[in-house]
**Q** 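Here it is, the structure in full.
Remember, it's 1-based here, ligands and their atoms both numbered in the order they're listed.
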Amino acid sequence: MTLRINEIAPDFHADTTQGPINFHAWIGEHYAVLFSHPKDFTPVCTTELGYLARIEEQFIRRGVKIIGLSVDPVKSHLGWLDDIEATQGAAVRYPIIADEDLHIAKLYGMLPAEEQEGTARTAAQNATVRSVYVIGPDKRVKLLITYPMTTGRNFDEILRAIDSIQLTAKYKVATPANWNSGNDVIIAGSVSDDDARRLFPEGWDAPRPYLRIVKQPGDQDAAPSA
Ligand code: BEZ
């Protein structure tokens with residue numbers, strides 16, 4: 001199955017390091033980041049989960065809950081947490097799902113393709129790749145990115161994208177390339193110039209009629225980038 005932006009993120013029941021959950025109920029009124037990693041006790045994954053533990057506060061400030069996933073059992077996840085804290089300098093406080101039967105991995109398309117059609121999956125192909133899903137309080141997929149097993153993710157980019165997603169959900173703007181919270185934004189193409197004059201009474205710069213640049217609306221100190 002291929003998930004697409006704006007689709008409802010599939011709901012599921014799962015065992016986690018913090019007990020059983022129903023995914024949608026666990027998200028509640030928050031945003032959520034669901035991320036998969038290939039395997040416990042592996043080096044890149046250790047740095048990823050440790051980095052997320054170090055910046056978890058940045059997600060909490062934005063009203064975002066974090067949850068990890070791999071196909072390893074809860075017992076393995078729990079054993080690994082000590083290593084992450086000892087080597088990465090922060091304790092993992094977010095839950096990690098044990099998707100032992102690959103139910104969620106298949107539901108979300110987190111498994112890599114078989115290398116050859118018709119051949120049995122190898123153990124490596126039964127491990128989840130590095131997928132990230134940002135899900136809104138409406139339970140719809142707002143962003144999805146997948147990295148290969150050998151490439152650790154940039155979680156600062158996920159925070160940056162969440163800032164844009166939350167800003168553009170509230171105001172009729174879009175954010176330009178490499179934008180960070182506090183930078184100028186672009187008036188959404190769906191807004192007519194007449195409506196823009198009402199929404200942005202201080203005016204805008206328009207190097208082209210379709211490129212209308214304004215100061216970022218709202219409280220810029222609410223959730224500064226990491
Ligand atoms: C790692 O986390 O280091 C890793 C896991 C699976 C495949 C390759 C690297």
Side-chain angles (χ1 to χ4, degrees), residues 1-3 9-10 12 14-19 21 23 26 31-60 64-135 141-162 226:
M1 157 168 186
T2 309
L3 267 187
F12 55 79
D15 285 331
T16 82
T17 47
Q18 297 178 11
I21 61 157
F23 188 49
W26 178 83
Y31 278 81
V33 170
L34 167 65
F35 73 99
S36 56
H37 66 272
K39 194 129 197 66
D40 297 351
F41 298 101
T42 53
V44 177
C45 298
T46 300
T47 62
E48 287 192 325
L49 273 81
Y51 188 75
L52 262 182
R54 292 207 297 279
I55 65 166
E56 185 179 9
E57 183 57 32
Q58 297 278 346
F59 288 87
I60 293 169
V64 182
K65 298 173 84 172
I66 303 174
I67 191 161
L69 176 148
S70 81
V71 303
D72 300 296
V74 165
K75 198 168 170 221
S76 163
H77 289 335
L78 290 172
W80 183 36
L81 295 184
D82 291 341
D83 283 2
I84 296 173
E85 183 172 3
T87 62
Q88 306 302 307
V92 171
R93 301 194 192 286
Y94 52 83
I96 308 172
I97 295 167
D99 187 28
E100 286 185 84
D101 64 0
L102 310 183
H103 172 68
I104 305 161
K106 287 179 182 165
L107 203 53
Y108 276 73
M110 294 168 170
L111 295 171
E114 288 94 341
E115 269 146 32
Q116 278 187 308
E117 289 273 327
T119 55
R121 278 185 170 279
T122 63
Q125 289 163 349
N126 268 346
T128 45
V129 288
R130 300 184 195 281
S131 295
V132 186
Y133 306 85
V134 176
I135 297 161
V141 176
K142 306 297 178 189
L143 171 149
L144 61 172
I145 314 179
T146 298
Y147 290 64
M149 299 216 187
T150 44
T151 303
R153 284 160 282 199
N154 182 337
F155 288 105
D156 295 337
E157 164 58 10
I158 305 300
L159 279 175
R160 190 197 72 85
I162 287 169

**Q** When you measure from atom 4 (C) of ligand 1 to every protein heavy atom, which one gives the shortest distance, and what is it?
**A** Arg130 NH2, 3.4 Å

**Q** Distance to 0.1 Å, residue and atom name: give those for the protein heavy atom nearest to atom 3 (O) of ligand 1.
**A** Val44 N, 2.8 Å

**Q** Of the side chain and backbone of Pro38, name the one, both, or neither that has a heavy atom under 4.0 Å from an atom of ligand 1.
**A** side chain

**Q** Taking only heavy atoms of Cys45 into account, list the atoms of ligand 1 that are under 4.0 Å away from them.
**A** 1 (C), 2 (O)

**Q** What residue among Leu69, Val74, Ile67, Leu49 forms side chain to side chain contact (heavy atoms under 4.5 Å, CB included) with Ile96?
**A** Leu49

**Q** Is there a polar contact between ligand 1 and Thr150, counting only N or O atoms under 3.5 Å apart?
**A** no

**Q** Quick one: sort the Phe155 and Tyr51 rings into parallel, tilted or perpendicular, breaks at 30° and 60°.
**A** parallel

**Q** Ignoring hydrogens and geometry, is there a side-chain-to-backbone donor-acceptor pair from Asp40 to His77 under 3.5 Å?
**A** yes

**Q** In the protein, which heavy atom is nearest to atom 9 (C) of ligand 1, and how far is it?
**A** Met149 O, 3.8 Å

**Q** Can a donor-acceptor pair be found, under 3.5 Å and without considering hydrogens, that links the side chain of Asp99 to the backbone of His103?
**A** yes

**Q** Quick check against the 3.5 Å criterion: does Arg153 have a side-chain atom that pairs as donor or acceptor with the backbone of Thr146?
**A** no

